[in-house]
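Structure first, then comments.
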Amino acid sequence: DEGKQGGILRIYHRDSPGNASIHEGATYSLNVPFMPVFNNLVIYKQDVAQNSMDTIVPELAESWAWVNDNKTLTFKLRQGVKWHDGKPFTSADVKCTFDMLMGKSQQKFRQNPRKAWYNEVNDVTTNGDFEVSFNLKRPQPSLLALLASGYTPVYPCHVSPAEMRTHPIGTGPFKFVEFKANESIKLTRNPDYWRKGRPYLDGIEFTIIPNRSTAILAFVAGKFDMTFPTEVSIPLLKDVKSQDPTAVCVVEPNNVSTNIIVNSTAAPFDNADIRRAMALALDRKAFINIMFEGQGDIGGTMEPAPAGLWAMPKEMLESIPGYGPDVKANREEAKKLMQKAGYGPDKHLAVKVSTRNIPVYRDPAVILIDQLKSIYIDGELDVVETANWFPKIARKDYMLGLNLTGNAVDDPDQSFYENYSCGSERNYTNYCNKEIEKLFDAQSQETDVNKRKKLVWEIDKKLQEDVARPIIFHARTGTCWKPYVKGVTVMSNSSYNGYRYEDVWMDK
Amino acid sequence: MFAYLVRRLFLMLVTLFGISIVIFFLLRIVPGNIVDILFAAAGYVDPADKANLEKELGIDQPLVVQYVHWIGGFLRGDFGYSYVSEKPALQEILPRIPITARLAGLALLFSASIGIPLGVISAVKQGTKLDYALRVVSLSGLSLPSFWLGLLILTASVAMFGQMPIFNPNPQTWLEAFATYAVPAAAVGFRSAALTMRITRSSMLEVLRQDYIRTARAKGASDAAVNYHHALKNAILPVITVIGIEAAFLIGGLIVTETVFNIPGVARFLVEAIRWRDYPIVQNLVMFIAVVVVFANFTVDMLYAVFDPRIRFTE
Amino acid sequence: MATIDYDLELKRAGANATGGWRRVLFLARRHVLGAAGLIIMTVFVFTAIFANVLARFDPLTVDAAHALARPSAAHWMGTDSFGRDVFSRIIHGARISLAVGLGSTALGGTIGVIVGLTSGYLSGWFDLVFQRVSDILQALPLLVLALVMTAALGPSLPNVIIAIAIPLIPTVARVIRANTLALREQPFVEAAKSIGMSEVRIAVRHVLPNTLAPLIVLATAQLGSTILTEASLSFLGLGIPEPYPSWGRMLSESAAEYVRTAPWLVIFPGIAISLAVFGTNLFGDALRDILDPRQRG
Amino acid sequence: MADMSDLVLDVKNLRTVFFTNSGLFKAVDDVSFTVRRGETLAIVGESGCGKSVTALSLLRLVPDPPGRIVGGSVTLEGTDLLTLDDAEMRAIRGNRISMIFQEPMTSLNPVMRIGHQIVEAVRLHRNMSAKEAHDLAIEMLRLVRIPEPARRAREYPHQLSGGMRQRAMIAMALACRPALLIADEPTTALDVTIQAQILALILDLQKELGTGLVLITHDLGVVAQTAQRVIVMYAGKKVEEASVEALFAAPKHPYTRGLMASIPAVPASDVAPQARLNEIPGTVPSLVRLPAGCAFAPRCKLAIKRCQEEYPPLADWGGGHLAACWRAAEVAEVA
Amino acid sequence: MTEALLEVTDLKKHYPVRAGVLRRQVGTVHAVDGVSFALGIGETLGLVGESGCGKSTVARSVLRLVEPTSGQIRLRGEDITHLSKTELRPHRRSMQIVFQDPFASLNPRMTAGDIVGEPIAVHGLASGKALEARVAKLFEQVGLRPDQMRNFPHQFSGGQRQRICIARALALEPRLIVCDEPVSALDVSIQAQVINLLIDLQRQHGFSYLFIAHDLAVVAHISHRVAVMYLGRIVEIADKDELFRNPRHPYTQALLASVPIANPHAKKIAPLVDGDVPSPVNPPSGCAFHTRCRFAMERCKTERPALVDAGVGHQVACLLNEGTGRSQ
Ligand SMILES: Nc1ncnc2c1ncn2[C@@H]1O[C@H](COP(=O)(O)OP(=O)(O)OP(=O)(O)O)[C@@H](O)[C@H]1O
Ligand SMILES: Nc1ncnc2c1ncn2[C@@H]1O[C@H](COP(=O)(O)OP(=O)(O)OP(=O)(O)O)[C@@H](O)[C@H]1O
Ligand SMILES: [Mg+2]
Ligand SMILES: [Mg+2]
């Protein structure tokens, strides 16, 4: 049915983002409130929950084409689009944006977390005001997926990165009004939006409420039309449902895996047996039962099906040591490995499990420690403040780390290169296997989806067998809104891409 | 009087200077800095970017240089820019002060208007059931974790009225403005009132033992006149001190309340700034708070003199 | 004139309450609230000491099968989301709270006494410096100080104790200093001086023992507030970390998620904290009445 | 007995006790006395013998708990004060009966102006405008010889010297022209020269107003100079009562005698340097564990067995000279 | 007078007056403003004067418990005014003090035995059994039972407490005992006991007493010579008999006349002076007594009379009749 015009959508926000510049952030605390300000070249279709190549649609680009042996990706741009400050949008803006992302321009981002996404891009060229081309070193079909992420808006050339951090200018359906740190973020309808009749809403108001229970109470009390997306935990979801039965809630995976980073450069985990024993000891089902009351997924690196596109089939998964359903048998085997390494009932191995001092990290760590008890490992929790977490990991100042890895797009390129390739900054464990690296490149260039899938499965399985970064589970989270809020779709295989909100309207 | 004020001001400056040093160096002891945190979300740190940013923010310089730079700016009225929001620190701090001040003021008002009369009653009725009941209530005020109390209030009000007293940044009417602050102020004020009541009670008990109270009774004065006219006037002095200390304490004590009730005041802002290692905000904000506290103490001393002729007339 | 039951009146006044036990019983009856506080504190200390015996389950063992169980015969106070027995955790939590309370009070108290005594005694530059330093510490909001301290030191039991103890020092030191100054004027201190006693010996033999009463009163009052401070720190995410079952953390984390769906997770730790603080306060109040000679009838 | 209309105060068998945790303190034990218009009755005795409690009992200001008036009657101008309700009693306090306390330093409210404190006393009992009351207060201050009374009325107690504060107390006590004034050691906290001034003042005013005066002191010198009649208390009991001349001429109770002897006299020029003083051996007994018989017996040179067993009755030894001693007749000879 | 044990010359002690919340100095108390006297061996010098005139300050300065502002204190000929604390320690043994309030001068948390034994222990004169024996002997000397050594101060009566204080003072076998109003907190009947004890001890041991009191009668009883203080200065000093028979200073006269005589037939109270004692913060100019003196002359307001000999060792500070103080 046709949406109604008007109304200000009130959403609470979980946490004050550091700034307003999507390119300089790496958290959906930033994506959610600021995605509505921008447009991409292409975007995942906002009303389809599962992101895939097939759901990518043009946005600032009117069309795209792979040319030059799949080594050039060319976009025809939309004409007559205006930035919020009235300046016209042209191909120069696109070039500026990507040059900056690749570190090639004069002006620099303070931080540029996704620079590696463009490792295979040679340069970006323009052809007139309304055509741009991405020239690649080798074919990389995934590039389009990366460009369709909520993380890849087009920035205006004429606004400095510093300004973008405090007062972003976009072409999107909503204009930025104000951002009061720790207080609120306000957007208002862009009356000159290129897409006629959109957006429906007059504006969006985010009130920052870090305290979860206060936030949920406020939502229940009708102070908000919608919760912060994907931020409602399973227990809270029950609470919402019991207090406000009319609320519409969805629970979806969000392509964030909870995993263990193992420091294999130092004792005791330089011993492969102990690494393997640890992987065998995991009772993944128990984690999911405790953390999500059963509503979570077991899988490898790639998000499990059906939401995930690249997951191994069940049989393949269960053939990996530790994934088998018989936890007891796995643990018996683990004990044997431990005994081989010189530990036993009388001689326990003491380890420190480091993790960040926030519940989503700490809670699984507590369970992990409890499970390790069963194989003669006495774990001690070492909670680390956010500020110190990555420096600590980088220093290799840990034995085991409990870590969360979020994937911006459900695509093997993004997750493999980032987390498992030799020398990648985010490969915390320094896992380095040249053979697998070759497979990474092979799948990346593969244009046949089915062939690519096979490759990806093989890689994923190998990674798990190597105990490179044991994946414990993939989380699911909830989002709720009042019944009169229409047109919200929560993405099921990424939590960064679905917040344009131009189609959202309120039936009030 | 003039010499006194000068001396007093000098001591206040010494204290503030000390605070500036303490907070500056304490913050640098805390591991991690803004750069680490900014990069944390990305999941990695690019050393070159990090070095650039540190240079840009000036946190690569020796500590002493940084300190001098900050304090020099502070004295000139240049408070620097927030590392996080990149807005002028003053612009971030100033609008939040009245919010906390209003909250604290209302809480103190609540505390005084409830705590003092109940304290008097409790003292006058010492040893009776009423006294016991009041003491238990007051002590329970001091025993409840404030975030717990706040949460219970919120939960109860949603459960009972389907309404929640959440902060309203743009109250339209005077009444709305009051409502915005009333509930959280009552939640904090409960604790303060408990404290005020205790002090009033013990101070009253002390005063009621004094000879001049007996004199008043010997004149034939009624109980009410003795308790409120003769005794309370004397007993109020330590209460003023405690309210003064409480005013200072509240700024810290409000952190939790501001968090629970989601009030964008200075207290919560300070915690956030500490979390982000936003030095310009933390340092300047702490200095602002310290100035307030120091002046609150000064005011208390002055009030003391106003209320106590023994001090007033020895000047 | 109404007839008066002398025996009753005397009993009420505690006339026949001489000798150890009788006196204690009398004081207990006279300070009913204080006695209640003492009982609460005793239970609290007893629980802390015998936590291993009293707890029915291991406080750390995760049991997915019994997560979020309501209070029942098996789990008197239910279980948390990890299936850990709340009753056992609260019992073990008493240990943590006692460690935090006693640890920080003892640490802050000891340093405070030494500083206060020295400063009251050596009223010179030391005193001046002390006064300024305590001005500084007191102008900084306590929670902020504790917050920065724990952030600086990292969240762990000893660090939380230190962080809570430090703001305590000036409070204790000020009381002791004021007392020392008053005691210094006492003739018995002057008498000690007149026989040629050294200042240190006077401080230790004559001044310190006479500051004990206010110190004890202050310490009991502080004991409660340290427990609350720990809870507030926990609420702000900087309290005592897992795996220690600290009441503050149990409460603040559960409170965020389970106020309505599993209220036992919120209610029991909350009651434990309030009761412990309440008990120490009640006891501290009574102690002040008993120890303060001016309060004696 | 004098004319009944002359009788201001008639105290009969007054008993006041304290219930304390160390036992029952019989602070005032069966004490009777009368005061006539314009008469000064002195109550003497050592510290703790019950003088102040007697005075407070008259005003019904004994702190309760722990104290309680448990018997007797206090008849002021014909009304038994012990039967009045609180409001009636308040109407009498500060009006018909006033009191000057021992400690001038602490008996005035430190945060109220002197004038105001007197005005309050007046307006509680007299239907007067604030202005009239204020004028009266200044008049009273002038009466007690405070220089610049108008200025002093605006001052706070701490701005006045001890002597002036005590005078202000007197002004306050006399503002309503009471029938009975009780002065509880009004000068012990003051210097001798000031003491002389204050005592002279009280006596002057008493004469002028015809007030009955109960003067409590432990200084026999003060008694000799001020009183017409004296009662001597020991351990809560009245042990002797006589006219001042009779008492000083021939004390009938060994305690009174010992007291008189142990006070060093001035001028003492006729005494050799370092002459030992006559001392009463032993210590004042605690009011809780009083012996069965005479409380003074353990310290008494004259004590016989009977003294330990039986409390001697207060007998008249001639001319209204009462003494409670089995051997009162022999006291003069033995000593 | 025999050889001087203690000589005090022009002793002054000024205290800053601090007021207000910040305790800043607003004036100076001239607590002791130039006091000189000498005390012989075996002699008792009585020091009288109204409350606040500086008696205790003299006592404390003599013992160096407060640091004199100026002046000189000589003990057995040796100047002890500027000795350091350690240098002073041996001298402490020869001078001791007994305070006014026997309760406040005993540490409530120590037993009587410990209190009396402490000076001996501090000076290392005895320990263990020997110490106990000495304390027991001291107890007997002051009329206490040795079995009371284990009791705490609150278990003693006022008179007994004062005996403990005296025993403590005696413990070091001093030559000089300063008694700062030792009996004013005691009952009249007990007062005599303590004074008798002091007299007996002096007879046995030949102590010198500086005996401070505001009660002239008590002082008269125990002293050989008496000094009268007014507002920080000695205004008259003479042999006891001479002073009482023949008071020269108008203040001494007023003092004597103000003491109520325990004789109903003697003259009734007639205050000789009017007005209040001036504050030592702002002492009147000239003769400090001129504000209350019946004989005050114009000169008295400006000229401060010196303490001069008016014959038979009778010194007086008054301008009347060429400084003799004699009135017509
Ligand atoms: N509030 C009280 N509680 C218990 N006992 C009391 C109280 N007030 C007085 N007493 C007892 O009553 C007795 C008489 O006290 P009172 O004050 O009358 O003595 P006093 O003769 O006036 O002595 P002083 O000369 O010291 O003023 C004392 O022994 C005291 O112990
Ligand atoms: N430590 C001090 N600081 C300031 N002033 C003081 C101090 N000690 C004494 N004084 C003042 O010095 C003056 C003399 O005091 P001192 O105690 O010597 O008098 P006193 O003659 O012993 O009086 P009393 O008879 O009351 O004991 C008083 O005015 C007193 O207030
Ligand atoms: Mg009395
Ligand atoms: Mg003195």
Side-chain angles (χ1 to χ4, degrees), chain D residues 46-49 145 147 160-164 189-201 203 218-227 243-245 247-249 255 258-271 273-284 286 299, chain E residues 44 49-53 157-160 186-196 199-200 202-203 214-224 239-245 251 254-277 279 292:
Chain D
E46 290 187 80
S47 178
C49 72
R145 285 170 220 151
L160 271 54
S161 72
M164 277 200 273
L190 303 173
D191 303 324
V192 258
T193 56
I194 309 288
Q195 164 172 303
Q197 296 169 18
I198 297 282
L199 286 177
L201 176 69
L203 294 182
H218 58 246
D219 187 335
L220 284 172
V222 170
V223 174
Q225 297 292 320
T226 56
S243 72
V244 72
E245 291 81 8
L247 188 85
F248 279 85
Y255 168 64
L259 205 56
M260 286 187 172
S262 66
I263 293 169
V266 171
S269 46
D270 48 338
V271 185
Q274 303 208 314
R276 293 180 98 260
L277 290 165
N278 292 310
E279 57 183 75
I280 306 178
T283 55
V284 184
S286 146
R299 301 172 75 191
Chain E
T44 303
E50 300 197 51
S51 172
C53 71
S157 73
Q160 287 173 323
L186 301 179
D187 286 328
V188 250
S189 72
I190 305 297
Q191 167 179 305
Q193 297 175 0
V194 172
I195 289 186
N196 286 344
I199 292 174
D200 292 347
Q202 187 174 46
R203 286 202 185 128
H214 60 251
D215 185 338
L216 285 164
V218 169
V219 167
H221 256 269
I222 196 166
S223 311
H224 300 95
D239 274 354
K240 183 195 71 177
D241 290 344
E242 167 66 15
L243 188 97
F244 283 94
R245 207 174 293 137
Y251 174 62
L255 211 54
L256 283 172
S258 299
V259 177
I261 300 157
N263 178 356
H265 300 290
K267 68 166 172 58
K268 291 289 174 186
I269 286 181
L272 276 186
V273 293
D274 243 342
D276 287 301
V277 188
S279 144
R292 303 171 70 199

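Chain naming here is simple, since letters A, B, ... match the order of the sequence lines and numbering starts at 1 in each.
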Stepwise side chain to side chain contact (heavy atoms under 4.5 Å, CB included) test for E:N263 and E:I261: CA-CA 5 Å; E:N263 178 356; E:I261 300 157; 4.1 Å; yes
Residue pair E:V219, E:K240: steps toward the side chain to side chain contact (heavy atoms under 4.5 Å, CB included) verdict: CA-CA 9 Å; E:V219 167; E:K240 183 195 71 177; over 6 Å; no
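Looking only at heavy-atom pairs under 4.5 Å with chain D, the residue among E:S189, E:G158, E:A192, E:S51 that has the most is E:S189. Looking only at heavy-atom pairs under 4.5 Å with chain E, the residue among D:G48, D:A227, D:G282 that has the most is D:G282. Top candidate by heavy-atom pairs under 4.5 Å with chain D, chosen from E:R292, E:E242, E:H214, E:Q160, is E:R292.
Checked by atom type and distance alone, the side chain of D:D219 pairs as donor or acceptor with a backbone atom of D:G221 at under 3.5 Å. D:H218 places no side-chain N or O within 3.5 Å of a backbone atom of D:E46 that could act as its donor or acceptor partner. Using a distance-only test at 3.5 Å, with no hydrogens or angles considered, a donor-acceptor pair links the side chain of D:S262 to the main chain of D:L259.
Looking at D:R299, the atoms closer than 4.5 Å to chain E (heavy atoms on both sides) all sit in the side chain, from C-beta outward. Both the backbone and the side chain of D:I280 come within less than 4.5 Å of a heavy atom in chain E. Looking at D:M260, neither its backbone nor its side chain comes within 4.5 Å of chain E, counting heavy atoms on both sides. With a 4.5 angstrom heavy-atom cutoff, D:Q195 touches chain E only via side-chain atoms. Contact of E:Q191 with chain D is made through the side chain alone, with heavy-atom distances under 4.5 Å. In this structure, no portion of D:V223 lies under 4.5 Å from any heavy atom of chain E.
Shortest non-hydrogen contact noted between E:L216 and E:F244 is O-CZ, 3.9 Å.
A heavy-atom distance below 4.5 Å is found between the side chains of D:I194 and D:Q197.
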